Amino acid sequence: MSETKMDLIEKERTYLMIKPDGVKRSLAGEVITRIERCGLKIVALKMFWATREQINEHYPKDDGWLKRIGEKTKVNYDRYGLDVKSLGTEDNKEIGLMVRGWLLDYLTSAPMIKMVIEGPHAVDLVRKMAGNTIPAQAEMGTIRGDFSVDSAAFANRDKRAIFNVVHASETPEEARHEIGFWFSPEEIFDFEKTDSTIYKIDRAK
Ligand code: GDP
Ligand code: MG
């Protein structure tokens, strides 16, 4: 693999946001500790109160994303014996738009903490630490598995997003969009961590 490709892996960045439920439950320290403990580097961090316009720009708007969320929501309706017709539509895209609206309400309800995390395979590692979207399916040991008890059934019935403590970018592309949207380049720092040699071998010269 070329040096540049390796550099890209070493410096991969992802975006993590502690959602309002995480901030209100004082879980910020817990989340930050887990990221630092695994060896990843926090290179930007800020508490802020998002506007609806900002959250609208944060989440994708394309049909693919909306249909995927709509489909997931429908699967949860079936799994928990809820009648999807109570949403007023069975169309995946329209349901996706509805969940998007619920996310705007949720993520503007209290301050959040946003950060950029850097390190090898940062996107996949942080996703793994966050755990499955649905708390009951998130493994113990993950942030969502350990700290959220919300149910997709309650969330859907009450027409609100599932409260699951954190948001984490799913792909490097999503991370690039989110980091670029939430941070200016001067707010992201370049520094050496003292343990950054963890994946490097000192060879005899
Ligand atoms: P994530 O990347 O794991 O956060 O999951 P998604 O990108 O699929 O969804 C974004 C957010 O929408 C989730 O974190 C939840 O807060 C919410 N959400 C996702 N699926 C559902 C659902 O089926 N029902 C409800 N009520 N909320 C959902
Ligand atoms: Mg997502």
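Counting starts at 1 for both ligands and their atoms, following the listed order. Quantities reported herein were computed from a predicted structural model and do not represent experimental measurements.
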For [atom], the protein heavy atom that lies nearest, with its residue and separation:
| atom | value |
| --- | --- |
| atom 22 (C) of ligand 1 | Thr73 OG1, 3.5 Å |
| atom 20 (N) of ligand 1 | Lys72 CE, 4.0 Å |
| atom 3 (O) of ligand 1 | Thr133 OG1, 2.5 Å |
| atom 11 (C) of ligand 1 | Leu103 CD2, 3.7 Å |
| atom 18 (N) of ligand 1 | Val99 CG1, 4.1 Å |
| atom 16 (O) of ligand 1 | Ile162 O, 2.8 Å |
| atom 25 (C) of ligand 1 | Asn156 OD1, 3.2 Å |

Quick check: do Met129 and Val166 have side-chain heavy atoms less than 4.5 Å from each other?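 No, too far: nothing below the 4.5 Å cut-off.
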Taking atom types as modelled, is there a side-chain donor on [X] or [Y] under 3.5 Å from an acceptor on the other?
| X | Y | value |
| --- | --- | --- |
| Tyr80 | Asn156 | no |
| Asn56 | Arg100 | yes |
| Glu187 | Ser184 | yes |

Is it the case that over 12 heavy atoms from other parts of the model lie below 6.0 angstrom from the [atom1] atom of [X]?
| X | atom1 | answer |
| --- | --- | --- |
| Phe48 | CZ | yes |
| Lys128 | NZ | no |
| Lys159 | NZ | yes |

Which segment of Ile69 sits under 4.0 Å of ligand 1 when only heavy atoms are counted: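 Side chain only; the backbone of Ile69 stays clear of ligand 1.
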Specify side chain, backbone, both or neither for Lys19, according to which of its non-hydrogen atoms lie closer than 4.0 Å to ligand 1.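 For Lys19, only side-chain atoms sit under 4.0 Å from ligand 1.
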Are the aromatic ring centres of His58 and His177 under 6.0 angstrom apart?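 No - the distance between ring centres of His58 and His177 does not fall below the 6.0 Å cut-off.
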Salt bridge check, Arg160 against Asp105: does any charged N sit closer than 4.0 Å to a carboxylate O?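 Arg160 and Asp105: not salt-bridged.
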Ion pair present between Glu118 and Lys11, side-chain N to carboxylate O less than 4.0 angstrom?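 Between Lys11 and Glu118 there is a salt bridge, with a charged N closer than 4.0 Å to a carboxylate O.
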Value rounded to 0.5 Å, distance of OG1 in Thr14 from CD in Glu12: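 It is 7.5 Å, given to the nearest 0.5 Å.
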Element-labelled atoms of ligand 1 that are located less than 4.0 Å from some non-hydrogen atom of [X]:
| X | value |
| --- | --- |
| Arg160 | 25 (C), 26 (N) |
| Asn76 | 23 (O) |
| Arg127 | 1 (P), 2 (O), 3 (O) |
| Asn164 | 13 (C), 14 (O), 15 (C), 16 (O) |

Are any of the N or O atoms of Tyr106 closer than 3.5 Å to those of ligand 1?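 There is no such contact.
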Quick one: does Trp102 get an N or O within less than 3.5 Å of an N or O on ligand 1?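 No, there is no polar N/O contact under 3.5 Å.
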Does at least one non-hydrogen atom of Lys159 fall below 4.0 angstrom from an atom of ligand 1?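 Judged by the 4.0 Å heavy-atom criterion, Lys159 does not count as contacting ligand 1.
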Should one rank Arg144, Glu170, Glu174 by closest heavy-atom distance to atom 4 (O) of ligand 1, which comes out on top?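 Of the listed residues, Arg144 has the closest heavy atom.
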Out of the N/O/S atoms in Glu170, what is the name of the one closest to the Mg ion (ligand 2)?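 Result for Glu170 and the Mg ion (ligand 2): OE2.
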